Amino acid sequence: MTTPTENPLADLPPSYRPANEEPAILERWLAGDAYQATADDTGDPYSICIPPPNVTAPLHLGHALNNTLQDILTRHARMSGKNAVWLPGTDHAGIATQTVVEKRVLAEEGKRRTDFERDAFVGKIQAWKDEYEATITDQLKQMGCSCDWDRQAFTMDEPRAKAVREAFFQLFKDGLIYRGKRLVNWDPVTQTALADDEVEMKDVDGNFYYLKYPVCDADGNTTGDQVTVATTRPETMLGDTAVAVNPKDEPRAKYIGQFVKLPIADRVIPIIGDDYVVIPDPDSDDSKARMASGFLKVTPAHDPNDYEIGQRHDLDIINVMAPDASISIDHGWPEKENPRAIEGLQPFVGQTREAARKAIVRWFKENDLLAEVKPYRHAVGHSYRSHAAIEPYYSDQWYLKVTDDRLAGAALRALDESQREASSHDAFNAKTPRRQDAKEEPTGPTTGLTFTPPRYAKTFQTWHENIRDWCISRQLWWGHRIPVWHLQPDDSVYTRVFDRRQPKNNQEYADALKEELTVLCNNYMSAWRAESDFIVSVTEDLKCYLCLRSEAAAGAIDLAFRQLSEFELKKLAPGEKPNFADVLPFPDEAKKDAAFDFIEHLIWGKQDPDVLDTWFSSALWPMSTLGWPERTPELDLWNPTSVLCTAREIITLWVSRMVMFNLYFLGQLPFRDVFIHAMIQDGHGQKMSKSLGNGVDPMDIIHSHGADAMRFTLASMTTQTQDVRMPVDMVDPHSGETFTPKFITASGGVKVAAPTQERNGKSMVSSYGLASGEVKPSDNQPLARNTSEKFELGQRFATKLWNATRFALSNLAEAESDAVTSSLSLADKWILSKTVRAIEHADKTLKAYDFHNYAGGLYEFVWNEVCDWYIESVKPDIKSPEAAKSRQALATVLDVSLRLLHPVMPFVTERLWSGLNAVFPQRGVLGLDPVECDELVGAPWPVADRALIDLEAEEVFPKVQHVVGMIREVRAGAKVPPREVVDFSLHMEDAEADRVRPNLHLVETLTNTKMVAVGPDIAKPEGAAVVTGPAGIGYLHVQIDTAEEAERLNKRKAELEKSLKTLDGRLSNEKYTSKAPSHLVQQTRDQRAAAAAELEEVARQLTALE
RNA sequence: GGGUGAUUAGCUCAGUUGGCUAGAGCGACUCGUUUACACCGAGUAGGUCACAGGUUCGAGUCCUGUAUCACCCACCA
């Protein structure tokens, strides 16, 4: 039913300008709550948690890709009738955000973090966060991301903080969080510990220094002998506590048991035997064996291997550095009473690592103790944030025991069997026990974790098989404060415990102390009616910690101790009790005496100043965004989520930890599907990053090409094997011209090469204040917008779709009513059949996360099949009364195309949808009856009846295409003017001709010819051009140059002879005909027959020409 | 040191379990502005599928080795 409206095309402008259309569409979606989901809706649940972008900076193209893919999945799920939700949010990104704010504050105010109170500085970071969270949210909205914005989360907002406290508490209670004094990866610049995966290895040029140590006896009397140790880090020798030799090292093993007198530090240290030491071998393949001296200096406080050796041999651990990695005797130096040592050390104290290294080497040289220096290139860990060299540093940190089978083991077992590699790891023989206080049976899956592409399963597996405990504390201000308070019992508690329990060792002492403190705390807490909200932990060295579950509990205890300090309890006489009653009104008055006991015997320690590693809160994301620890309907419905879509760099940092936590706390996987997509690099294969200045703001691309173009291009570039290269250009804001800056990494700086174009002899780059040569990244904030020609693909496609729709709508609107009965033409049947296949292809590719082929398939369908063939076929007659069915088909094909494309190009399809609705509201053909819908965003996904697949049409239409192709080729070759209508006759076998004959008007339409004869006995008209091909032989009735004709025919002849030779060779091979599948052999025979027939004809025509 | 991926047209990339006479987009060249579209249409050229062996009737595809590039992991003597 065509119901022409007033002038529907008035609001579909002739050319497509995304910037003119997208904002209004976005407005309509947001106002109409198009993205919202509720937990009480029916429909299969579908959920995705956004990988929360860091609030450090605006999003770049990598995010655009990541979020485009998620939006495609979400919109597809929503259209497919699922109860789909996409949960948005951002990550506080502890160290990263704090670092950028520190830099800004230093640049703008000249102040350092330590010039502020903690709360004041956190306020500054909070302001930064607010700014960038708003920017990021706006970027996502403009990209068309259909997140449920009412559910936006932040990893540090109150609901997420609650989840973090709860998770920490439970892990603490279950004994999985412990305090340990270990070597950590210390970043001396940001002065915090880093996790193993926050350390980047870089090759650096260094030296091997060979230092001579005098041998002595146990009392320090030198024997005159010397041993030579080899080291890359001479400055750590101040902390040496042994020299090690391999016991199997024949010539050197005799030194074991002797001592050396450590120079400068004036310390007598033993020579010990340890297998770890590499035996020197100048001919070895191992560079270490070539460089080794056989004597290894052991510095347990400054080298992880030495630490291990130290543990084995019970060596002292002497830290010789301050937290800023300068040489210091105030952080664990044990020999301050040795005046000779102090005197020797004095020149080095306060020097940086680098300066101390030179100074120590100089000292050894001056004292004739430097044997040799050899250059050596080796890998050194650097902070991924400050890029400073990591210092192995001995300090107290909190650890999560991820090595526990309940965590790493469970994660390993979750991996789908089809993706597991053979492994003897213990975890595969174990079974995860149910957690003690898990309240309800989990209903979700615990196994079947599947990676796409599958190779990333190996990364996951290897990581968990070699996992080490996770250092979760960070010495930062921006993050979740660790919910642990340090407790200090007074002496009377220790005495009481010791007297009552008579502990035999430290462990027993610690256990007894823990019980005692638990009773004390319990009394206090129960007076506040807050039982079981705390856990007391006592380490082996009798340090006491109190972990609190809730803010309320923390508040209660904090209140008590604030009062405590006011009363200055210490000043009271022994046994004298202050009167708390007035200031501490306990809910349970009966227990208040016991509560006072608690206050009296504990000196309130402060809350741990450290914060948690950012990834701790990220690990809870699929739970915390859905309301955990509350048992919300959302959590029940949408956890496990449907898929995690991310880049490979955070498989270990994030994916692993989400899997472990979700399994641990909820007993089920956070998701079963993990889709790992490509990374976007710049045109030179370098990773895009803001610091390199090659990061592209998606808003620039939206500005130049439109959001749909960006999305479509990104999706179609994403294949499963390769990273995506995106050459970055810049647009001159004044002239609009594009030029290509070149970015070359050079020691953290960026080189801007001369631009490709120069105007008026003046470099365009320098007109932006960018000189050629080294510039600082911060100088490189482009005034010009970035762009990339890559996005023209999507832009052209959007325009094509726009124009095809305009054509259709103008004809549908102006057409007469469909009173005359009509039937579907060959072209109609063919395109409807292809439409069904397009639906199936989209379904299949989306299910497989094959975005490249989803986008590519629709591009092919719309551009080639619909536009180039179908529309061109129906064009001349589409308005006629007889073409009513064709119009129905055209509208339907357009309808389906818009639906299929909507997930990847939501804006333009939505815009065209309203045009289609206005012009042709009731569409659909038998077998494909799309449900009407006002807005495409809420429209159902098309479902096709396979009965609409028309094999006959799919066979005949290509024959028409063949004939058309033949004619066009000759027309172009013969330089026939396109407007000129030329007669054409087609020589074809009868059976074939019968099938093609009803559709000859198509050939006429598509080639601008007039078909004068078709049949088995068509003779060549005098002087006509010959057209040959698999479809038959035709004669184009034009006068043609004989030489050109012969040349063309000879060329074709050569092609045919070549293929005939190949085919004959195959067929004459008996092994082929006997072993290859019969249908292939038959196909070869058919091909041979066709080629032979055409060759014969070509040869005959050639003879005739001569 | 270990691992993963890549190497296909001038450029950027596809190529599913071996059947290929190797494809697409961009760029190049030739024609063309007939009321959807020059952000277009029609046509053409352009490839020893990195290299060397092997398996097979048949290899871009599987196996082995080599080279180059990228990324990840690894305790800095």
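Here is the naming used below: chain letters follow the sequence lines, and residue numbers restart at 1 for every chain. Just so it is clear, the model here is predicted, and its values are computed rather than measured.
Distance A/Asp1064 CG to B/C57 P: 21 Å, rounded to the nearest Å. The CZ atom of A/Arg357 sits 12 Å away from the C1' atom of B/A77 (whole-angstrom rounding). If you measure from atom OH of A/Tyr276 to atom C1' of B/C75, you get 6 Å, rounded to the nearest angstrom. Nucleotide B/C40 holds its P atom 15 Å from the CD1 atom of A/Ile871, rounded to whole Å. Atom CH2 in A/Trp654 sits about 19 Å away from atom C1' in B/C72, given to the nearest Å. Rounded to whole angstrom, the span from the CD atom of A/Gln461 across to the P atom of B/U4 amounts to 13 Å. If you take NE2 of A/His464 and C1' of B/C73, they are 15 Å apart, rounded to a whole angstrom.
For A/Glu872 against B/A36, a side-chain N or O and a base N or O form a donor-acceptor pair under 3.5 Å.
OP1 or OP2 of B/A36 lies within a sub-4.0 Å distance of a side-chain N or O belonging to A/Lys875. When the side-chain nitrogen and oxygen atoms of A/Arg468 are compared with OP1 and OP2 of B/C75, one or more of them lie within a distance under 4.0 Å. Between B/C73 and A/Lys458, no contact under 4.0 Å exists linking OP1 or OP2 to a side-chain N or O. For A/Trp863 and B/G41, the shortest distance from a side-chain N or O to OP1 or OP2 is below 4.0 Å.
With its glycosidic angle more than 90° from 0, B/U68 adopts the anti conformation.
Between A/Glu1055 and A/Lys1058, none of the side-chain N atoms (NZ, or NE/NH1/NH2) sits under 4.0 Å from a carboxylate O, so this pair counts as no salt bridge. A salt bridge links A/Glu391 with A/Arg233; the closest basic N to acidic carboxylate O contact falls under 4.0 Å.
Side-chain atoms of A/Ala1076 lie closest to B/C57 of the nucleotides B/A14, B/C57, B/A36. Counting only heavy atoms from C-beta on, A/Glu969 has its side chain closest to B/U44 among B/A77, B/U44, B/C13. Nearest to the side-chain atoms of A/Asn305 among the listed nucleotides B/A36, B/C75, B/C76 stands B/C75. In this structure, of B/G41, B/C75, B/C76, it is B/C75 that holds the atom nearest to the side chain of A/Pro304. Nearest to the side chain of A/Arg979, among B/U34, B/G19, B/A36, sits B/U34. When distances run from any side-chain atom of A/Arg17 to the nucleotides B/C39, B/C76, B/G3, the shortest one goes to B/C39.
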In B/S/- notation (B base, S sugar-phosphate only, - none; protein heavy atoms under 4.0 Å), nucleotides 20-26 of chain B written 5' to 3' is -S---SS
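Base pairing in RNA chain B gives the following stems of 3 or more Watson-Crick or G-U pairs, range against range and under 3.5 Å: B:1-7 with B:67-73, B:10-13 with B:23-26, B:28-32 with B:40-44, B:50-54 with B:62-66.
Toward the 5' end of RNA chain B, the nearer of the two residues A/Thr459 and A/Gly381, judged by each one's closest nucleotide, is A/Thr459. Sequence order on RNA chain B of the closest nucleotides to A/Phe807 and A/Ala389 puts A/Phe807 first from the 5' end.
The separation of B/C39 from B/C26, taken at their P atoms, amounts to 13 Å, rounded to a whole angstrom. B/G46 and B/G25: their C1' atoms are spaced 15 Å apart (whole Å). Using atom C1' as the reference point in both B/C20 and B/U68, the two lie 28 Å apart (nearest Å).
Taking 4.5 Å as the limit, every side-chain heavy atom of A/Val278 sits out of range of all side-chain heavy atoms of A/Asn246.
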Steps toward side chain to side chain donor-acceptor pair (under 3.5 Å) verdict (A/Asn207, A/Tyr209):
CA-CA 6 Å; A/Asn207 291 307; A/Tyr209 301 92; 3.3 Å; yes
